[in-house]
Amino acid sequence: MTPPYRVGDELPPLEIPVTRTLIVAGAVASRDFQDVHHDAELAREKGSPDIFMNILTTNGLVGRYLTDHFGPTAVLRKVAIRLGAPNYPGDVLRLTGRITELAGGAPAGAADGVPGEVVCGGPGEAVGRVPGGPAGGGPVDVVVVQVTGDNGIGRHVTGTVTVALPGRTALPDRAALPGETDLPGPSPEGAGA
């Protein structure tokens, strides 16, 4: 079966309200306690009109955007993003993506470097790698997506994400339940068995 994706395919956009709670919770969850992410008065003293989202929260939202689209078995193999316009409370982040590369049937672990390696970029840049691939070392379809995210000020994030889709060449109509395998649907003659 051929993959359901083609180079040039556009992913549906995802709009995320940027709330004060999202900004603060994302900073706390990522252990980024810099005052510009939770204290509006101190952020203003430092020249910002309000608190603003940190790069790790943006990184997580980009990951959510792609795993929401590709499904729960998708593994983010490489995430490389760069920040632009800040995300302030009251705005909306609109994420969009376009498939730029496809590779099918690669061995597990072959889709981008050393599993478990994490690389941090310079200021305003983050690069991360996470382990992936099925435990049995089966085939991995790899999709590379160019992601952008805009807000009311302008372009908040740009980046490229490599996503591995372990053990499949087509996505199911629904997510499998824990312990369930990809089985064909019931046949008319086997419906009562």
Side-chain angles (χ1 to χ4, degrees), residues 1-18 26 30 53-87 91-134 137-176 182:
M1 187 180 283
T2 57
Y5 303 107
R6 290 185 295 265
V7 171
D9 283 355
E10 301 282 335
L11 278 59
L14 174 64
E15 292 191 353
I16 301 168
V18 179
S30 61
M53 186 176 286
N54 72 353
I55 193 168
L56 295 174
T57 303
T58 298
N59 199 46
L61 294 173
V62 167
R64 171 192 161 195
Y65 172 57
L66 294 171
T67 57
D68 280 0
H69 179 76
F70 290 110
T73 61
V75 177
L76 304 181
R77 297 302 308 269
K78 180 178 179 184
V79 177
I81 62 171
R82 178 175 292 272
L83 292 184
N87 263 340
D91 211 336
V92 174
L93 173 63
R94 184 175 193 269
L95 293 168
T96 58
R98 184 177 54 82
I99 295 174
T100 59
E101 294 178 47
L102 293 172
D112 255 33
V114 180
E117 179 181 348
V118 176
V119 180
C120 294
E125 205 173 329
V127 177
R129 291 189 178 144
V130 295
V140 176
D141 290 324
V142 178
V143 179
V144 179
V145 181
Q146 176 69 41
V147 177
T148 58
D150 296 316
N151 60 32
I153 300 171
R155 175 88 9 115
H156 171 67
V157 63
T158 58
T160 303
V161 182
T162 303
V163 182
L165 305 174
R168 67 180 71 229
T169 54
L171 296 177
D173 292 332
R174 64 171 181 78
D182 290 333

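Bear in mind the structure is a predicted one, so any value in this text is a computation, not a measurement.
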[X] side chain to [Y] backbone, donor-acceptor under 3.5 Å:
| X | Y | value |
| --- | --- | --- |
| D68 | Y65 | no |
| T57 | M53 | no |
| N151 | P86 | yes |
| H156 | D150 | no |

Over all heavy atoms of both residues, which pair between [X] and [Y] is shortest? Give the atoms and the distance, please.
| X | Y | answer |
| --- | --- | --- |
| G8 | R98 | O-CG, 3.8 Å |
| N54 | G26 | ND2-O, 4.2 Å |
| V18 | L93 | CG2-N, 3.8 Å |

Between D9 and V7, does a side-chain contact (heavy atoms from CB on, under 4.5 Å) hold up when you go through it step by step?
CA-CA 6 Å; D9 283 355; V7 171; over 6 Å; no
Under a plain distance cut-off of 3.5 Å, with no hydrogens placed, do [Y] and [X] share a side-chain donor-acceptor pair?
| X | Y | result |
| --- | --- | --- |
| Q146 | T100 | no |
| T158 | T148 | no |
| T58 | N87 | no |

Do V147 and T96 come close enough that some side-chain heavy atom pair is under 4.5 Å?
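V147 does not reach T96 side chain to side chain.
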Please work out which of the three classes, parallel, tilted or perpendicular, describes the rings of Y5 and F70, given edges at 30° and 60°.
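Because their plane-to-plane angle is over 60°, the rings of F70 and Y5 count as perpendicular.
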Roughly how far, to the nearest 0.5 Å, is the CZ atom of R94 from the CD1 atom of I16?
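Separation between the atoms: 12.0 Å.
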If you measure from CG on L83 to CZ on R155, what distance do you get to the nearest 0.5 Å?
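That separation rounds to 13.0 Å.
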side-chain contact (heavy atoms from CB on, under 4.5 Å) between L95 and V157: does it pass, once the steps are laid out?
CA-CA 9 Å; L95 293 168; V157 63; 4.0 Å; yes
Using side-chain contact (heavy atoms from CB on, under 4.5 Å) as the criterion, point out the one residue from V62, L66, N59, T162 that pairs with L76.
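Of the listed residues V62, L66, N59, T162, the side-chain contact (heavy atoms from CB on, under 4.5 Å) partner of L76 is L66.
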